[in-house]
Structures are given as structure tokens and as C-alpha cells.
Amino acid sequence: MRALLDILILAWYLHSVEGITIVNGQIYTPGLAIIDAPQPGTPEGGDYLQVAIDVSGDGRLGLPPYPQDVNTGILNMTIFLFSYATVLNLTISNGTSAGWTGLDDPSADLTAFRCSASTTAGWENAGCAEIMLQESGSTVKHVKWAWPDCLVGDGAGGSERGLYNISIHQSFRLNGTGFYTIFNLPIEVTNSIPSKTQLSVSGKRPLCASRENVLQSQTSQDASASTPSVQPYLGGAVSGGGGGATKNGSSCARGRGVGVFVLFVLVAGWTILS
Ligand SMILES: *[C@@H]1O[C@H](CO)[C@@H](O)[C@H](O)[C@H]1NC(C)=O
Ligand SMILES: *[C@@H]1O[C@H](CO)[C@@H](O)[C@H](O)[C@H]1NC(C)=O
Ligand SMILES: *[C@@H]1O[C@H](CO)[C@@H](O)[C@H](O)[C@H]1NC(C)=O
Ligand SMILES: *[C@@H]1O[C@H](CO)[C@@H](O)[C@H](O)[C@H]1NC(C)=O
Ligand SMILES: *[C@@H]1O[C@H](CO)[C@@H](O)[C@H](O)[C@H]1NC(C)=O
Ligand SMILES: *[C@@H]1O[C@H](CO)[C@@H](O)[C@H](O)[C@H]1NC(C)=O
């Protein structure tokens, strides 16, 4: 019975990864951003989360900052961590340098995690810089976010831990037309997150309460997006031109492979059950 449960959980999980396009280990969002890390389904933990995003389309686009009237480029990006299982929607970066709510109340957040301060590891916590403008000169933006207090723990246990999406919202222009896409990258917050962080002198973590947003339904999420009909680099407006545009590498037919595998484990599960 335990084996069957494991199989069904695995099948459900792999099913949720279906449809994500991975080319040479890079995750293609429906917009212009390409995610280098983490891979979908990675168990996450430690002191902080790091999301590495290639904003140059793997060399196809120029570097930001862009002129106001840029023809093709990411205008801005916001990132959230949310879960319909835990009903949490936390800001990783709201795309401004305004920082966090609740900072008027000194007890609400710790110095190391405030804007224009830095953690003991030397970096500024996500949410204090526009993602497109950080690490100037680099095509890859490394968004580092100290895990807030409610995600502390080990394993899947604990009320707020478990499956999440890193939700990447992009405003961008493609061949002169504006778009807004939402891409959800599934991860598991199941590795150990120690209650005491090394990132602040006091060892205290930022508060989830100062990062929380209303959780919207899938329907309103879908309604707020305007997504190009074709992935820009894979047959869409950018695929024809620019440096490296024809580099399509070993695009894995992941969706189909996963589908076949899900079918296999369901049959295996049924065999065990009967
Ligand atoms: C992650 O997002 C997808 C939609 O993109 C949704 O179906 C799924 O339920 C979300 N996962 C969690 C844990 O909320
Ligand atoms: C992102 O860019 C769009 C289009 O220019 C703009 O409407 C929106 O306010 C910007 N968002 C942020 C967070 O800067
Ligand atoms: C970003 O967060 C700051 C601080 O909470 C807030 O003042 C600002 O309005 C937010 N901006 C957007 C575009 O959500
Ligand atoms: C999470 O909150 C942000 C800020 O309010 C919002 O833009 C985003 O759509 C929300 N995501 C979900 C899944 O509700
Ligand atoms: C880009 O826009 C121009 C002018 O609207 C159009 O002629 C061209 O076909 C577009 N290119 C692509 C790849 O969509
Ligand atoms: C890209 O993929 C197509 C179809 O699979 C193939 O015909 C073409 O040779 C590939 N191009 C490169 C540069 O690998």
C-alpha cells in the first residue's frame, strides 16, 4: 500500500511537470526569460533560495537597461513563491527597489534583510533591486532570497512546507508588441531550513508576515496574463534572427516522455493493487 502511494504521488508530481520546455538544461518560460536554475521539482532548503535567470535569451538579445521604446526585451520581472496546498503567496521580488511592507515597524524585519543593507554573506536580499538592473553587465541574474520564518523545518512536515511554485511574471515587448506572462516553476520545500540563519547577526529570519500577498485562483492568474501564441525562441518572433538564434540543441520531448512514464507508473500501481 505504501509503494502504491509513493507511485501515485510520483505520478501526480511528474504529471505536474508536463509541458515545461527544457532545452540543454535551460527552462524556457512562455516569455523572454530563460531559467538556468533550479530545475523543476528540485527539493530546496538551506539558508536561502537562488533563482538564476538568463535575461538575454541565451545571447539572442542585448543587455539591459533598454531604451523606453525597445522593440524586443524584458521590461521588468516580479517573482513570487506560492502554493495552493499551503495557501501562501510570498513576494520574492515585486520588481521595484521599494523593499518590503512593514519596515516602518522596526520589529517587523531585521537589518540584514532591509534594502541597502546586506546579509552577512554580502548580498542584498531579493526585493530590493529591480531584477533587470541587478548584476549590471551580466546576462544571468541571480535572485537570492533568505527563506522567511514560516518555511523553517525539515522534510515535508510542518504546516507551510511542501510543494511550491516559483512564479515568474514578465512584462516584455516582442517585436514591438507588449506581453505579460506568468510561469510557474514547481519546487519542493522539503530540505532542511534551519531556524537560525547565518545571514543575519542575530540569526533571526525575515518574517513571512511581511511578504505575504493575497492568493489568486488559477482562473484570475490566467486572465491577467497575455501570452504570445508561440514561444518567442521556439518558432516565435525571436527564433529567426540574432546571434545564436538557431541554437536549438537537444530539446527534449519532455512532455511526451513524462506522459508515457505516468501511464507506466499508473499501470504498475494498478498491478500492485490488484
Ligand atoms: C503550481 O502552478 C500550477 C499552475 O501553473 C498549479 O496547477 C499547481 O497547483 C501549482 N502548485 C502548487 C503547489 O500550488
Ligand atoms: C512593468 O512594465 C509594465 C510595462 O511597461 C508596466 O506597466 C508595469 O507597471 C511595470 N511593473 C513594475 C513592477 O515596474
Ligand atoms: C513593492 O513593495 C513595496 C513595499 O511593500 C510597495 O510599496 C510597492 O508599492 C510595491 N510595488 C509594486 C509594483 O507592487
Ligand atoms: C501573488 O501575489 C502577487 C502580488 O499581489 C500577485 O501579483 C500574484 O498574481 C499572486 N500570485 C498568485 C498565484 O496568487
Ligand atoms: C515583426 O514586426 C514587423 C512589423 O510589424 C513584421 O513585418 C514582422 O513580420 C514581424 N516579425 C516577426 C518575426 O514576427
Ligand atoms: C534544430 O532542430 C531541427 C528539427 O529538429 C533540425 O532539423 C535542425 O537541424 C536543428 N538545428 C540545429 C542548429 O541544431
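Start at 1 and go down the list; that is how both ligands and their atoms are numbered.
Taking the side-chain contact (heavy atoms from CB on, under 4.5 Å) definition, one finds that E160 meets it with T86, L88, C150, L151, Y164, sequence neighbours left out. In this view, V152 and I193, S195, R205 satisfy the side-chain contact (heavy atoms from CB on, under 4.5 Å) rule, not counting sequence neighbours.
Partner F172 forms a ring-ring contact (aromatic ring centres under 6.0 Å, His included) with one of F179, Y180, Y66 and no other, that one being F179.
Atom CD of Q198 is surrounded by 12 or fewer heavy atoms from other residues, nucleotides or ligands within 6.0 Å.
For ligand 4, the protein residues within 4.0 angstrom (heavy atoms only) are F80, F82, N89, H169, N213, V214, L215, Q216, Q221.
Judged as a disulfide bond (SG atoms under 2.5 Å apart), not a single pair has a partner in residues 29-59 (not counting sequence neighbours).
Within ligand 2, the atoms closer than 4.0 Å to a non-hydrogen atom of L75 are 4 (C), 5 (O), numbered from 1 in the order shown. Atoms of ligand 1 found under 4.0 Å from any heavy atom of L163, numbered from 1 in the order shown, are 13 (C).
A distance of 10.0 Å separates CD1 in I74 from NZ in K141, rounded to the nearest 0.5 Å.
By the 4.5 Å heavy-atom criterion applied to side chains, S167 and F183 are not counted as neighbours.
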